[in-house]
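The structure appears below as structure tokens.
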Amino acid sequence: MVMERNLTAEQLALFEKEFAANPQYRVMQNAVTQTPVNAIALDRQVVTSIDHSVSNLLDDWKVTNQKKSGRCWLFAGLNLLRVGAAEKLEVKDFEFSQNYLLFWDKFERSNFFLEAIIETAGRDVDDRTVAHLLSDPIGDGGQWNMFVALVRKHGLVPKSAMPETESSSSTGQLNDTLRKLLRQGARDLRGLDSAEAQRERKREILTTVHRVLCIHLGTPPQKFLWQWKDSDKAFHRDGWTTPAEFAAAYVQVPVDDYVCLVHDPRESSPVGKTFTVDYLGNVIDAPPVVYLNVEIDLMKKLTQDAIVGGEPVWFGCDVGKQMNGDLGIWDANLYDYGAVYHTSFTLDKAERLLHHETLMTHAMLFTGVDVVDGEPRRWRVENSWGDEKADSGFWTMNDSWYGEHVFEIAVRRSALPADLQARLADDPIVLPAWDPMGALAD
């Protein structure tokens, strides 16, 4: 029978007949209606093949916890930097203040949004770019270059100088308030005729935003007295210091030397080209968010080389795909949903990007790799979801998952082959604001 546009009663009956004619479907129905589908689809052979051991392990510290916030990219960045800071301070565990960078990201991003609204004020409100800007004026997510922009401009402070608050650990209400203020501000700015009036209104909006942030997150310190005890209980005091001075003293990783690599296998994204995304960023006049598109095997090699050389690697991925949260593992074939539903899921990575089935959703830190005959077999990952799951909060990723669901890494420029280093000087191809490669990890 040829399928008609409308679903007729006759056609509906045929669907029901097809289901009833297959006893295995009824067996699966009985199972899934009484048991979570993931428990049935979970491939036991994959699970039993994974343990948390790796041949090259860097981490001997405790994981952090972003709680009910989307600050993973900030946590992953600060987790990368805290390794060297802890060594210099001669302590086992150390944390920079994630709340401090959250404050400045919210404030800078509010200004970034308002500037974008001023720039696009002449377009219709339902213009696709304007609609994209208004769809989510401010959130928690971000990318590597945005992290670097904050550190360069605002420095860093220890967690004790600006500790967590209720709102930094659970950002929902704060974000809701900021979105209302910014959308209201967008309405006002779009209705003004002169640049002078727009600038004055922007200043008023940012004054309110700053006040809201201070109420929710506390006031970021301009100076603080830094003193501590090392692992041998010896006392140290640096005295009064600024965030910029603190970052200069204790950040051992040259963040400006890092470049962002992505794996975007769409035909429209040539390998070896640099890209940027329209209206992606947080700090006005900071270097734009630019990434170099490379093959996935090169990303793996650079990640492996960095870890073997003693450095963790910041990365972004689509975290929820083929993931078991209780076990703390990822594998490209962890769940056999095709067997459950008697079908096949055949979209490859490029097709998933094109058809809105994937994008970068989370950032973490590679802290280990299991190498067999020179090739990576699995990866150890420092997550920022606390220590209650996985290996005290450190997760395990089979190499098959890296290829399918990792999108972005940050590595030293000098680690790239010479020809790709040269490509970094090219003018980037500008993708539209809504392109999936502009997704913000949270």
Side-chain angles (χ1 to χ4, degrees), residues 3 7 11-54 63 65-66 68 70 72 296 315-364 370 376-407 436 439 441-442:
M3 190 73 183
L7 293 172
Q11 289 170 342
L12 293 175
L14 288 175
F15 287 124
E16 294 172 4
K17 182 179 179 181
E18 192 273 340
F19 183 85
N22 291 274
Q24 67 268 35
Y25 298 170
R26 184 61 56 85
V27 171
M28 197 59 71
Q29 180 187 66
N30 292 338
V32 174
T33 53
Q34 300 176 69
T35 306
V37 68
N38 276 4
I40 296 170
L42 185 65
D43 191 324
R44 178 173 173 79
Q45 289 186 334
V46 173
V47 173
T48 56
S49 71
I50 300 175
D51 63 70
H52 295 295
S53 64
V54 292
V63 298
N65 194 342
Q66 67 187 80
K68 296 180 180 179
C72 65
I296 194 67
F315 75 100
C317 64
D318 190 355
V319 69
K321 298 289 194 293
Q322 296 288 329
M323 174 190 78
N324 186 292
D326 292 329
L327 298 174
I329 58 176
W330 296 280
D331 183 275
N333 301 300
L334 186 59
Y335 296 100
D336 190 355
Y337 295 115
V340 172
Y341 302 119
H342 196 66
T343 189
S344 57
F345 298 94
T346 60
L347 293 179
D348 62 24
K349 193 173 186 178
E351 291 167 337
R352 291 197 300 272
L353 282 167
L354 287 169
H355 294 87
H356 298 217
E357 177 58 19
T358 191
L359 44 70
M360 189 171 71
T361 60
H362 192 54
M364 295 172 285
D370 194 43
R377 184 166 72 111
R378 58 174 172 248
W379 306 84
R380 183 170 169 88
V381 174
E382 179 181 1
N383 208 338
S384 53
W385 291 347
D387 61 3
E388 294 181 357
K389 296 181 178 180
D391 183 16
S392 299
F394 290 91
W395 291 48
T396 300
M397 176 194 301
N398 268 357
D399 188 61
S400 64
W401 198 93
Y402 188 127
E404 289 295 324
H405 303 295
V406 171
F407 285 106
D442 61 9

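All values below were derived from every heavy atom in this structure, side-chain atoms included, with hydrogens, water molecules and symmetry-related copies excluded.
Put simply, the side chain of N324 reaches to within 4.5 Å of the side chain of Y335, judged on heavy atoms. For the pair Q322 and W401, the minimum side-chain heavy-atom distance is below 4.5 Å. With a 4.5 Å cut-off on side-chain heavy atoms, W385 and H362 count as touching. The shortest side-chain heavy-atom distance between N38 and Y337 falls under the 4.5 Å cut-off. Proximity of M364 to W395: side-chain heavy atoms (C-beta onward) are nowhere separated by under 4.5 Å. The closest side-chain heavy-atom distance from Y341 to V37 is below 4.5 Å. For the pair F315 and V381, the minimum side-chain heavy-atom distance is below 4.5 Å.
Between the side chain of W330 and the backbone N or O of Y402 there is no donor-acceptor pair closer than 3.5 Å. The backbone N or O of N383 lies less than 3.5 Å from no partner atom in the side chain of Q66, so there is not a single donor-acceptor pair. A distance-only check finds a donor-acceptor pair linking the side chain of T361 to the backbone of V319 [under 3.5 Å]. In this structure, the side chain of T35 does not engage the main chain of V32 through any donor-acceptor pair within 3.5 Å. Here the side chain of K349 pairs no donor or acceptor atom with the backbone of T358 at under 3.5 angstrom. The backbone N or O of E351 lies less than 3.5 Å from a partner atom in the side chain of H355, making a donor-acceptor pair. Within the 3.5 Å criterion, the main-chain N or O of Q24 finds no donor-acceptor partner in the side chain of N22.
Note that CG of L334 and NZ of K321 are 14.0 Å apart. Values are rounded to the nearest 0.5 Å.
The aromatic rings of H342 and Y25 sit tilted, their planes meeting at an angle between 30° and 60°.
Comment: D318 does not engage R352 in a salt bridge, judged by the lack of any side-chain N to carboxylate O separation of less than 4.0 angstrom.
Across N398, T396, D51, D331, a single residue satisfies side-chain hydrogen bond (donor to acceptor under 3.5 Å, both in side chains) together with R378, and that is D51.
Across every non-hydrogen atom of C317 and V406, the tightest pair is CB-CA, 4.0 Å. Annotation for C72 and A363: closest pair SG-N, 3.2 Å, computed over non-hydrogen atoms.
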